[in-house]
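For reference, positions follow the sequence shown, starting with 1.
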Amino acid sequence: DVIMLKNLSYLKEEREDNPVKKQINSDLVKKFSGLFDFYVNDAFSLSHRSIASMIGLPEKIQSCAGRVFEHELDIIQILNDTEQQPIVFILGGMEINHTSKLLNYITQNKKQVKVLTCGLVGQLCLLAKEKKLGEQEKFLNEIKLKVNSEIKNAVKSDNIVLPRDFAVNNSDIREEIDIEKFPVNKKIFDIGEKTIQDYCNEIKSAKVIFLKGCPGYYQNPNFEKGTKEILNAIQNAEASFKLIAGTETLSTINLYNIDA
């Protein structure tokens with residue numbers, strides 16, 4: 001028999017990360033475990049989540065990784081095992097909890113790398129270095145993003161590269177401001193021209209490139225420059241291995257017709 005289901009993400013058990021014991025006893029696991037013989041996980045991008053479908057069902061029925069999951073895991077292993085240098089990570093976006101863990105792991109376990117920070121990740125790294133940002137800090141507080149222990153630990157590394165300027169929103173006009181002139185009474189919407197140039201130069205010389213998260217608010221054409229130029233730099237780079245991750249980041253590849 002074949003049962004076609006809606007996307008599970010609308011269910012409560014799929015919106016909240018909880019311990020295995022709680023997810024095993026969830027309604028989703030109780031219902032599904034009695035309907036199916038095998039559980040095949042082909043959602044690599046969700047497998048870091050402690051949601052019912054990821055950690056509850058495999059405890060109740062036989063489970064395995066799917067072919068797509070297996071392929072993506074092989075790709076990640078190449079990134080982890082490579083001895084090619086230099087390796088450049090570009091980490092941005094808004095998923096701070098997951099990205100900060102990756103940031104901390106890279107800085108503690110990879111010696112010959114550079115981590116180019118941007119997006120809200122870069123801003124929190126600056127705050128961890130006790131740099132004041134002004135109005136942007138109010139925004140970060142509003143969306144409940146704070147400097148966590150992983151970020152505090154990661155910024156101690158010499159491998160971390162921080163933005164040296166930003167593009168702020170001045171009545172919907174892009175205004176470039178050097179980091180030395182912060183704090184300012186304007187919100188940050190993108191990395192600045194100098195940072196874009198610095199990062200593109202690093203990308204150009206990289207042998208291995210990993211991108212996760214967008215550098216700025218690309219949805220507004222006035223602030224798409226960071227995201228667009230970083231993607232173009234990755235596309236034009238002669239690196240032997242390139243990996244772009246993250247749902248939103250991947251959507252920009254189609255938006256800007258990037259063939260990395």
> Tell me the ring-ring contact (aromatic ring centres under 6.0 Å, His included) pairs involving residues 152-178, sequence neighbours left out?
Replying inline: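 Residue pairs passing ring-ring contact (aromatic ring centres under 6.0 Å, His included), neighbours aside: Phe166-Phe182.
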>> Test of understanding: with ring-ring contact (aromatic ring centres under 6.0 Å, His included), list the residues that count as partners of Phe210, not counting sequence neighbours.
In response: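 For Phe210 the ring-ring contact (aromatic ring centres under 6.0 Å, His included) partners, ignoring immediate neighbours, are Phe89.
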>> Among residues at least two apart in sequence or on other chains, which ones pass ring-ring contact (aromatic ring centres under 6.0 Å, His included) with His71?
In response: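 Counting only residues at least two positions away or on another chain, His71 forms no ring-ring contact (aromatic ring centres under 6.0 Å, His included).
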Does [X] reach the main-chain N or O of [Y] with its side chain, forming a donor-acceptor pair under 3.5 Å?
X	Y	result
Gln235	Asp259	yes
Gln77	Leu73	no
Thr249	Ala245	yes
Arg174	Asn222	yes
Thr117	Val161	yes
Asn41	Phe69	no
Lys187	Asn170	no
Ser63	Glu59	no

Distance from [X] atom [atom1] to [Y] atom [atom2], nearest 0.5 Å?
X	Y	atom1	atom2	value
Ile203	Glu229	CD1	CD	10.5 Å
Gln108	Asn159	CD	CG	9.5 Å
Asn18	Lys12	CG	NZ	8.5 Å
Glu150	Asn97	CD	CG	8.0 Å
Leu250	Leu255	CG	CG	12.5 Å
Asp74	Ile78	CG	CD1	7.0 Å

>> What verdict does the side-chain contact (heavy atoms from CB on, under 4.5 Å) test give for Ile87 and Ile209, after you've listed the backbone C-alpha separation in whole Å, the side-chain angles of each residue and the deciding distance to 0.1 Å?
In response: CA-CA 6 Å; Ile87 303 174; Ile209 300 169; over 6 Å; no
Within-4.5 Å side-chain heavy-atom neighbours: [X] and [Y]:
X	Y	result
Leu120	Leu145	yes
Leu116	Leu91	no
Glu13	Asp27	yes
Gln62	Asp37	no
Val88	Val113	no
Val121	Ile96	yes
Leu231	Ile244	yes

Connected-component partners of [X] among ILVMFWY, side-chain separation under 4.5 Å:
X	result
Leu11	Ile3, Leu5, Leu8, Tyr10, Val20, Ile24, Leu28, Val29, Phe32, Leu35, Phe36, Tyr39, Leu46, Ile51, Met54, Ile55, Leu57, Ile61
Met4	none
Val2	none
Phe189	Tyr217, Phe223

>> Other residues, nucleotides and ligands only: do more than 12 of their heavy atoms fall within 6.0 Å of NZ on Lys114?
In response: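 Not more than 12 within 6.0 Å, no.
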>> Counting neighbours of CG on Asn141 that are heavy atoms of other residues, nucleotides or ligands and sit closer than 6.0 Å, is the number greater than 12?
In response: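 Yes, the 6.0 Å shell around CG holds more than 12 heavy atoms from other groups.
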If you compare all heavy atoms of [X] against all heavy atoms of [Y], which two are closest, and at what distance to 0.1 Å?
X	Y	value
Val147	Leu124	CG2-O, 3.4 Å
Ala233	Cys200	CB-SG, 3.7 Å
Ser53	Glu14	OG-OE1, 2.5 Å
Cys118	Pro215	SG-CA, 3.7 Å
Thr107	Ser157	CB-CB, 3.7 Å
Ser100	Ile151	CB-CG1, 3.7 Å

Please name all residues satisfying side-chain contact (heavy atoms from CB on, under 4.5 Å) with [X], sequence neighbours left out, ordered by chain then number.
X	value
Lys156	Asn153
Glu224	Tyr218, Lys228, Tyr256
Gln197	Asn201
Lys194	Arg164, Asp165, Asp178

>> Does Lys144 form a salt bridge (charged side-chain N to carboxylate O under 4.0 Å, His left out) with Glu142? I'd like the steps, not just the answer.
In response: CA-CA 5 Å; Lys144 298 181 179 179; Glu142 287 172 4; over 6 Å; no
> With Lys138, which residues qualify under salt bridge (Lys or Arg N to Asp or Glu O under 4.0 Å), at least two apart?
Replying inline: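 Per chain and number, Lys138 pairs via salt bridge (Lys or Arg N to Asp or Glu O under 4.0 Å) with Glu135.
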>> One pair to check against side-chain contact (heavy atoms from CB on, under 4.5 Å): Ile179 and Leu133. What are the steps and the verdict?
In response: CA-CA 8 Å; Ile179 192 63; Leu133 299 178; 4.1 Å; yes
> When clusters are formed by joining ILVMFWY residues with side-chain heavy atoms under 4.5 Å apart, either directly or through shared neighbours, do Ile143 and Ile188 land in the same one?
Replying inline: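 Same cluster: Ile143 reaches Ile188 through Ile, Leu, Val, Met, Phe, Trp or Tyr contacts under 4.5 Å.
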>> Hydrophobic clustering (ILVMFWY, side-chain heavy atoms < 4.5 Å, transitive) - are Val68 and Ile253 grouped together?
In response: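 Per the 4.5 Å side-chain linkage, Ile253 and Val68 are not co-clustered.
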> Are Lys225 and Asp190 within salt-bridge range, i.e. N to O under 4.0 Å?
Replying inline: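 Judged by the 4.0 Å cut-off on N to carboxylate O distance, Lys225 and Asp190 do not form a salt bridge.
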> Under a 4.0 Å N-O cut-off, is there an ion pair linking Lys207 with Glu238?
Replying inline: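 Salt bridge: no.
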>> One pair to check against side-chain contact (heavy atoms from CB on, under 4.5 Å): Cys214 and Thr252. What are the steps and the verdict?
In response: CA-CA 8 Å; Cys214 296; Thr252 61; 3.8 Å; yes
> Regarding Gln136 and Gln123, is there a side-chain donor-to-acceptor distance under 3.5 Å anywhere?
Replying inline: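 Note: Gln136 and Gln123 side chains meet the donor-acceptor criterion.
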> Would Gln219 and Glu248 satisfy side-chain hydrogen bond (donor to acceptor under 3.5 Å, both in side chains), going step by step from the backbone distance to the final call?
Replying inline: CA-CA 11 Å; Gln219 293 89 339; Glu248 190 170 32; 2.9 Å; yes
>> Working note: Ser240 + Gln84, criterion side-chain contact (heavy atoms from CB on, under 4.5 Å); need CA distance, chi angles, decisive distance, verdict.
In response: CA-CA 9 Å; Ser240 59; Gln84 295 187 73; 2.7 Å; yes
